[in-house]
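Protein chains get the first letters and strands the later ones, always in sequence-line order, with residue 1 at the start of each.
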Amino acid sequence: MSRLRYLGFVMAIAMVLAACAPAATPTSAPEATAPAGGGGGTQAEATEAPQAEEAKAPIRIGLYAPMTGPIAFLGEGFQLGATLAIEDLGGEIEGHPLELVVADDKCNPTDAVNAVRKLIEVDQVDVLLGGGCSSATVAALPIIAEGETPAVSATSTNPGIYNEMGVGGNIWEFRVNPDDLIMAAAFASFMAEKANSIALVAENTDFGRGALSAYIPQFEALGVEVVSEDYFDLGTADYRPALTGIKASAPDAVLVVMTERDGSTFMRQLREVGLDVQVFSRGSLTSPLFLEYTKDDPTIGEGILEFSFWAGGVDPDLDQRFLDRFDKSNSPHRGWAYYATRYAIGTAIKNAILNEGEATREAIRNELEKVEVEIPFGTIKFDDHNQSYPKGTVSTIEDGEVRFVQFVELVPVEH
Amino acid sequence: MPLQLEIFLEHLLNGLTLGALYALVTAGLSLIFGVVRLVNFAHGDFFMVGGYALFILLNLPWGAIPYPIIVILVTLIVAVFAMLIERLMLQPVLDKSWRIHAVATLGISIVLQNVALIIFTTDPKQVPTPFTTKIVSLLGLRLSVQRIIILGIAVLVFLALQWFVKRTKLGKAMRAVSQNRDMCQVVGIDVPRIALITFAISGGLAGLAAALIAPLLSVTPTMGLSLTLKGLAAVIMGGLGQLNGSIYAAFILGLVESFFAGYVSFAFKDVVSFGLFILVLFLRPQGLFGRRIGL
């Protein structure tokens with residue numbers, strides 16, 4: 001065997017090892033069926049009450065989200081949100097028990113396709129929630145259309161999804177959260193009031209790239225100079241080279257698009273290099289989980305201004321119920337996303353049963369189109385692209401605590 | 001100091017600390033290959049075991065142990081762990097072909113990652129030390145004390161390894177085994193014992209690296225993966241089995257990444273470092289510092 005062949009084999013194995021990395025071991029219950037009678041009882045408990053009168057067919061709700069991998073904490077929060085939403089609906093709608101089926105999309109396109117196909121074909125769910133990440137949702141769109149199953153996304157912010165939904169061709173996909181183009185129109189103005197020049201740092205994913213592609217034209221239109229644009233892989237160890245480059249450009253502010261795990265490392269190193277600028281965030285840096293990751297130095301996140309939706313702090317009663325129910329400090333922040341789908345899906349399922357006699361996939365989809373419901377974040381009502389426009393939120397970290405600052409009205413924009 | 005000079009020096013400093021980080025991981029990989037002729041794909045997982053050992057020792061219910069003692073304990077724990085892995089799983093296949101070595105270490109790596117997932121879940125564990133937020137500032141350059149410790153210890157480790165393999169009886173035996181295993185057996189050198197000690201040193205280096213580096217990151221089951229890839233690239237760039245060469249290559253990688261990320265593109269820094277690795281393979285297949293196999 002030649003030495004070169006050997007070296008080639010070594011690196012090939014190394015690449016295989018890299019590809020195998022996010023191993024598929026669950027943190028919670030990736031394939032679990034989580035029926036939701038009040039208080040989170042067993043499947044048997046959930047179906048016992050209706051059986052007393054007349055056994056009605058269960059309505060199965062499928063959630064695809066990252067339950068394993070580097071951002072499994074997102075999926076866990078989403079599952080808690082969907083679980084509490086079903087519990088708050090009493091575990092049933094019009095006598096039909098609700099069942100939650102969870103599949104792991106690992107936040108990547110390949111696994112998302114497999115997870116959604118399984119939920120539609122094997123688990124025979126009536127409606128889908130998810131995905132947790134834009135990459136997963138984008139990949140799942142054709143499977144959802146092919147499977148003719150209504151799906152509601154509450155966290156995917158990639159602007160490209162808008163043009164696919166509704167009159168864009170995929171009549172089955174709905175989105176209750178705003179995308180980055182919608183948010184950028186409002187939040188870029190907010191940032192332009194505080195900064196004349198800005199450095200952009202985002203994770204190298206559909207989420208990160210989608211967000212920056214939405215913000216850059218807005219900054220150009222507003223006359224805010226973009227001094228740098230950097231992307232990083234998830235789990236990056238050392239941001240100092242990028243931060244030193246940003247320091248050399250001396251911007252007024254930095255906009256970071258990332259979640260807590262990478263964000264906490266990034267912010268530590270930002271403080272380390274002494275970059276004394278306003279930090280804006282699109283992701284989740286003003287969350288209890290971020291505070292937990294930086295608890296050794298609570299000043300690390302001080303003053304970050306986060307632009308988001310479904311932020312904790314808007315409905316303190318619900319936040320408290322999340323904490324009482326799940327005993328997880330991050331549950332309100334993460335849980336809100338798929339708790340919010342309750343308003344759209346719960347209403348649509350109920351109306352499907354009342355108006356059409358049965359909550360078939362098609363009936364639920366038809367009723368989703370007509371939904372108009374008030375929630376603490378404004379109104380959920382879908383336009384002809386199946387896009388809803390709840391209010392955006394601004395939150396910050398002040399004295400080591402997450403504080404809700406204000407709502408921002410979001411309106412339709414050209415896509 | 002002019003701003004451009006300050007920025008240049010900061011990139012230089014970043015490159016050196018990044019190189020030190022790679023060098024601590026690379027040294028163990030290179031040592032194992034040099035002596036035992038085994039590419040240890042589980043080396044990054046030894047690093048991960050060290051990360052979790054650090055997490056446990058920093059969060060003991062009866063109070064914290066001083067960090068310097070924790071560093072020593074983590075180093076010892078991973079050294080013993082590596083010895084156990086060698087004795088229980090790798091020793092029986094050490095005289096087999098490199099293909100079996102690759103599959104065995106790959107299997108160990110996957111098992112260790114999954115065991116860590118089951119025990120600790122995917123939640124990243126934070127392991128800050130008193131030195132991670134302590135900043136030293138000199139002529140406008142700012143660096144955490146933790147990074148200075150990493151840089152200093154990497155240099156000390158480099159010098160200590162030089163002394164060990166060149167001056168001590170055990171080091172000489174390791175060099176002998178690396179050059180001619182069969183002849184060593186003929187002259188009475190206990191080759192299996194040398195292999196075991198090499199694994200202990202390599203594991204200890206991975207543990208030391210984890211105890212020093214993990215406070216700057218977070219501890220996850222896959223935390224060792226990217227470092228292993230960079231470490232392997234450095235080992236091959238430096239010349240397979242060339243301990244000094246691989247450490248030089250680790251620093252070269254760190255510097256190239258830092259300057260490229262700072263002046264050109266952060267997103268493509270890995271493309272450049274692995275591109276450099278491929279270029280070296282084309283121009284000098286034996287590695288930058290490789291002349292022959294052996295320490």
Legend entry - Test side chain to side chain contact (heavy atoms under 4.5 Å, CB included) applied to Q126(B) and E292(A), step by step: CA-CA 9 Å; Q126(B) 302 297 315; E292(A) 199 176 309; over 6 Å; no

Inset, instruction - List the atom of F266(B), the atom of F232(A), and the distance in Å for their closest heavy-atom pair. - result: CE2-CB, 3.4 Å

Legend entry - Atom group of T236(A) that falls short of 4.5 Å from chain B, counting heavy atoms: side chain

Legend entry - Residue I135(B) versus chain A: region with a heavy atom under 4.5 Å: side chain

Legend entry - D233(A) versus chain B, the contacting section by heavy-atom distance below 4.5 Å: side chain

Legend entry - Pairing residues for E272(A) by the salt bridge (charged side-chain N to carboxylate O under 4.0 Å, His left out) criterion, not counting sequence neighbours: R240(A), R147(B)

Legend entry - Closest non-hydrogen atom pair, P241(A) against A261(B): CB-CB, 3.5 Å

Inset, instruction - Give, as side chain, backbone, both or neither, the part of L227(B) having an atom under 4.5 angstrom from any heavy atom of chain A. - result: neither

Inset, instruction - For R271(A) and T133(B), indicate whether the former's side chain and the latter's backbone hold a donor-acceptor pair under 3.5 Å. - result: no

Inset, instruction - Tell me, for D238(A) versus chain B, whether the close heavy atoms (under 4.5 Å) come from the side chain, the backbone, both or neither. - result: both

Inset, instruction - Start with the C-alpha distance between T244(A) and H11(B), add both sets of side-chain angles, then the distance that settles side chain to side chain contact (heavy atoms under 4.5 Å, CB included), and finish with yes or no. - result: CA-CA 7 Å; T244(A) 303; H11(B) 283 312; 3.6 Å; yes

Legend entry - Distance, nearest 0.5 Å, that separates OG of S226(B) from CG of L234(A): 11.5 Å

Legend entry - Neighbour count >12 (heavy atoms, 6.0 Å) for atom CG, D276(A): no

Inset, instruction - Sort S144(B) into side chain, backbone, both or neither according to what part of it lies under 4.5 angstrom from a heavy atom of chain A. - result: both

Legend entry - Per-residue contact mode, S137(B) against chain A (heavy atom under 4.5 angstrom): neither

Inset, instruction - Heavy-atom distances under 4.5 Å only: say whether T220(B) touches chain A with side chain, backbone, both or neither. - result: side chain

Inset, instruction - Check the surroundings of atom OH in Y263(B): do more than 12 heavy atoms from other residues, nucleotides or ligands lie under 6.0 Å from it? - result: yes

Legend entry - Neighbours of chain B found in residues 263-270 of chain A - heavy atoms under 4.5 Å: S264(A), T265(A), R268(A), Q269(A)

Inset, instruction - Answer yes or no: is there a side-chain heavy-atom contact under 4.5 Å between P124(B) and Y293(A)? - result: yes

